[in-house]
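Please read the structure below before turning to the comments.
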Amino acid sequence: MTVITPAAGTQLWRPYDDPPLLTPDMAAGPAATPPEDAAQLGRYLAALVAARRCPVHVSVAFNAVYFGYDVHEGGYLGGPLDLETFPTVSLGEAADALPVGAMVNVATGAILMPAEIVYKEGAHPQLGEDGEVPGWLSGAPSGACGPGRTDPLAQAVLHERLVIDPDAFGEGLSADATQLARMRRKSRWLDARGHLVVDAQYASAAEADLDDTDYYAHFLLTRGRDLILSPHAPAPLPTLLPPAADEDALATALHGLLDTVRGVLRGIDELRMRGDYAFTRVSLAERLADDGPLGGQALEDKATSISRTGVPSQRRNRAPARTVGHTALGPALLAMRDTSGLLDGIAYPIAICHANAVLADYVRCDSDEDTGLLRNGVHLRLDDPWQGGGIWRAEHPRTAPADRAPDEPLGLGWQDSLPPHAAQPVPEPEPVSPEPATGPVEEHEQGERPDWAPDDEDLGLGSLPALNDSQLDWIQTLRLWHTIQDVLPLPNAVAEGLRDAGWEGRTLRLELDHAGEPLAADDRAFGVTLERDDNGIRLAGVVWPLEFFPGIVLTLSWARAGGVIRARTTLLPEPVVIDGEDIRHRYDPQVLTRDQAPGNARKGTRGTNELTPGQQLLRAVRILGLLDQYGRAMLPEVHLAEALRRTTPDGHGVLTQLEAEGAIGLLVAAGELSVERGSLGEDGRAQHPARAGQPGIQLLCYTPRRAQRFVESPVMAVSSTDRLQPRGHRVHGHLRRIGHLGRQPSDKQRAAYREDMRRWGLVGSLEIPRGYTYIPDHHRGG
């Protein structure tokens, strides 16, 4: 595996200014920050991350700018900080939860030692010493007490590991090496690794489930309020707001500043990010060049061993069973040989960030480009970013979720432990019967989906990646029936918020933003009403523009104090062609398969008057087949006749057996269908791949024909005034294995590889290794 990073010892950060002053534009978010201000902030933050000996979290970077961290001297020297007002924290004690970025006093018996919390992770008692962890813990919410079980009456108390920087306030106020060693040895004030392990008490489960940056914002607006309101700060937060600004404006400005800091950190070439933690490429290069117990080769070996936890044991004459392994990276590193002392203090979080980066690069480089599987047939990805330094999930057999980075956590371990149909706790009024070929459908009858067909009730369900006191942000896929009924169902949290704010029965304003494509004036904004049906609360009267196709992914936001809901689409990094149709915007491949099956038509468009036998057959497979993440649909051939009866629109004759067999042959020959092997479960539902002990069956498989469409002109930039932008991910330059596909890298990829090798000062050949291609640094998603 080759990772494109600077050569060890290379100094790449740019000259920097003193900490830049925050401005009202920065408080409005990254999109409103002038380029010259962002560049100045970037110079400072690049130097800050290079100077500190630990990864720098977005919250810590905000502290440095807001309170004036002196990169030359190494600490918060003077300024608005009153050390005596910091909360006190003690090893092993229960106390109010503290976020990353909080400034604390560590109780040491005789004195209080000021420090800054620079890293935090879950330290659940069921984390094994070698990294083994029960699957249900991966991605579990704060109230989880076992597989698929939560206790709503339990207090929100989490067992957490806090890593502090005792030198954050300069050498004069920090404990010396002898004092720190004595504290660790006695394990009274710090544990043996120089960390604080505490039982953190949160006010609620919702508060405990906030990510570290959002929780820090909540902390500053409540218990840490005196810090951000201090008139002695270089640019106090109230001075960035108009006179008489209310509490919502204060919260919005704080979130805007944090978003600006995050956006600038992610745009600095010299840095890499693990979640909201930034570290230098130089430090990673030095790690990879090190031949010690935590060096590059050791971490690559650890990545390989973690992937092997998903390899099933082979049994004679039996297909391999589905195997899932979960490994917590922190305990796994501690269990490695000869690492004593190398993971103490702030050396631990930088090792965690480097190891996560190596694992992500290992997956990117060595996984198959089409299936997402490693050479051993295992799908490896980060599943939980917080517990135990990050829980990695190895699964066999598995295909990678489409358009998901390997270090984008999904919480599949917890979802697997939930009862059937409970993986998504927020119900949505979703139709379960296929739409007719033409004309609007006023209501959808329930119960028409056969027992053996997959339950699609949660397909395209809304999810809330961000939840805070001032604004709700959620992501939702547009379904065909939404466009037919002129509605948009709302997730429970959004519906409850609107109802509590008194909007039920009143008119709100829905504003639409179609990235890269201007909408007609009448389509950009209009009034909608909040109405209730048997399945919950939804927006009614939505006039969906024709440009918003079924399957397109929407990012929505609602400021709690306002009467406007904003919905925007997101451009793909590069346009694609699906079954001959151009798609430029982010989409859900599963919804695309279901809702754009032959014969389906939205209101305001003309449906297909006549379906050919092949189209009828494709419709049956796409509507009632078993779906995977890529939008493939697989229908048991034994159920084909029943599927045709249920999905053939009125006015069309159901195919005879001879006609169906002829249509299958033509579709297979044309590459529109394939035949796969699967198995049949006790409930009559198809399983793919086939499971041991189940009768084998033949599956008719529809696979979306996806092709990249390259354009000469650059894609238009996405603009939005929303506080939170969708958090896409930056993909760093890396090699990808293609030799097994019989492909060769293009001249453009060879030139990009040579350019980056020279740019980062790497030693070695300037030619791409045989059997690989090069993927340059780029941003994907959001």
For this session: Taking the side chain as every heavy atom from C-beta outward, state whether Leu329 and Asn356 have any atom pair closer than 4.5 Å.
Result: yes
For this session: May I ask you to test the Ile565-Arg509 pair for a side-chain heavy-atom distance under 4.5 Å?
Result: no
Problem set entry | Trace of the side chain to side chain contact (heavy atoms under 4.5 Å, CB included) decision for Val100 with Val58 | CA-CA 9 Å; Val100 178; Val58 168; over 6 Å; no
Exercise. Any side-chain heavy-atom pair from Arg52 and Val60 closer than 4.5 angstrom?
Worked result: yes
For this session: Under the side-chain contact (heavy atoms from CB on, under 4.5 Å) rule, collect the residues that match up with Thr23, sequence neighbours excluded.
Result: Asp25, Met26, Asp37
Seminar exercise, completed: For Glu207, the salt bridge (Lys or Arg N to Asp or Glu O under 4.0 Å) test, sequence neighbours excluded, returns none
Problem set entry | Residues in ring pair (Phe, Tyr, Trp, His ring centres under 6.0 Å) contact with Phe549, at least two apart in sequence or another chain | none
Problem set entry | ring pair (Phe, Tyr, Trp, His ring centres under 6.0 Å) involving Tyr216 - partner list, sequence neighbours excluded | none
For this session: Sequence neighbours left out, what passes salt bridge (Lys or Arg N to Asp or Glu O under 4.0 Å) with Arg53? Give chain and number order.
Result: Asp167
Exercise. Does the side chain of Tyr348 pick up a donor-acceptor pair with the side chain of Glu121 at under 3.5 Å?
Worked result: yes
Exercise. With sequence neighbours left out, what residues match His354 under side chain to side chain donor-acceptor pair (under 3.5 Å)?
Worked result: Ser283, Arg287
For this session: Please confirm whether Phe62 and Tyr69 have ring centers closer than 6.0 angstrom.
Result: no
Seminar exercise, completed: Between Lys120 and Asp212, the two heavy atoms sitting closest are CE-OD1, 3.7 Å
Problem set entry | With sequence neighbours excluded, residues passing salt bridge (Lys or Arg N to Asp or Glu O under 4.0 Å) with Arg225 | Glu247
For this session: Return the set of residues passing salt bridge (Lys or Arg N to Asp or Glu O under 4.0 Å) with Arg223 (not counting sequence neighbours), or none when no residue passes.
Result: none
Seminar exercise, completed: Heavy-atom closest pair (Ala405 atom, Arg364 atom, distance to 0.1 Å) is CB-NH2, 4.3 Å
For this session: Please report the closest heavy-atom contact between Arg274 and Pro385, naming both atoms and the distance.
Result: NH2-O, 2.7 Å
Exercise. Between Val56 and Phe279, is any pair of side-chain heavy atoms under 4.5 Å apart?
Worked result: no
Problem set entry | Test ring pair (Phe, Tyr, Trp, His ring centres under 6.0 Å) applied to His585 - qualifying residues, sequence neighbours left out | His514
For this session: Examine distances only and state if a side-chain atom of Tyr66 and a backbone atom of Ile228 form a donor-acceptor pair shorter than 3.5 Å.
Result: yes
For this session: Could you tell me whether Arg566 and Glu511 make a salt bridge, using a distance below 4.0 angstrom between a side-chain N and a carboxylate O?
Result: yes
Problem set entry | Val104 side chain near Ile117 side chain, heavy-atom distance below 4.5 Å | yes
For this session: Under the side-chain contact (heavy atoms from CB on, under 4.5 Å) rule, collect the residues that match up with Pro24, sequence neighbours excluded.
Result: Leu240
For this session: Applying side-chain contact (heavy atoms from CB on, under 4.5 Å), name anything that partners Ala278, two or more places apart in sequence or on another chain.
Result: Val49, Leu265, Leu271, Met273
Exercise. Residues two or more places apart in sequence or in another chain: which of them pass side-chain contact (heavy atoms from CB on, under 4.5 Å) with Pro141?
Worked result: Ala144, Thr150, Asp209, Trp414
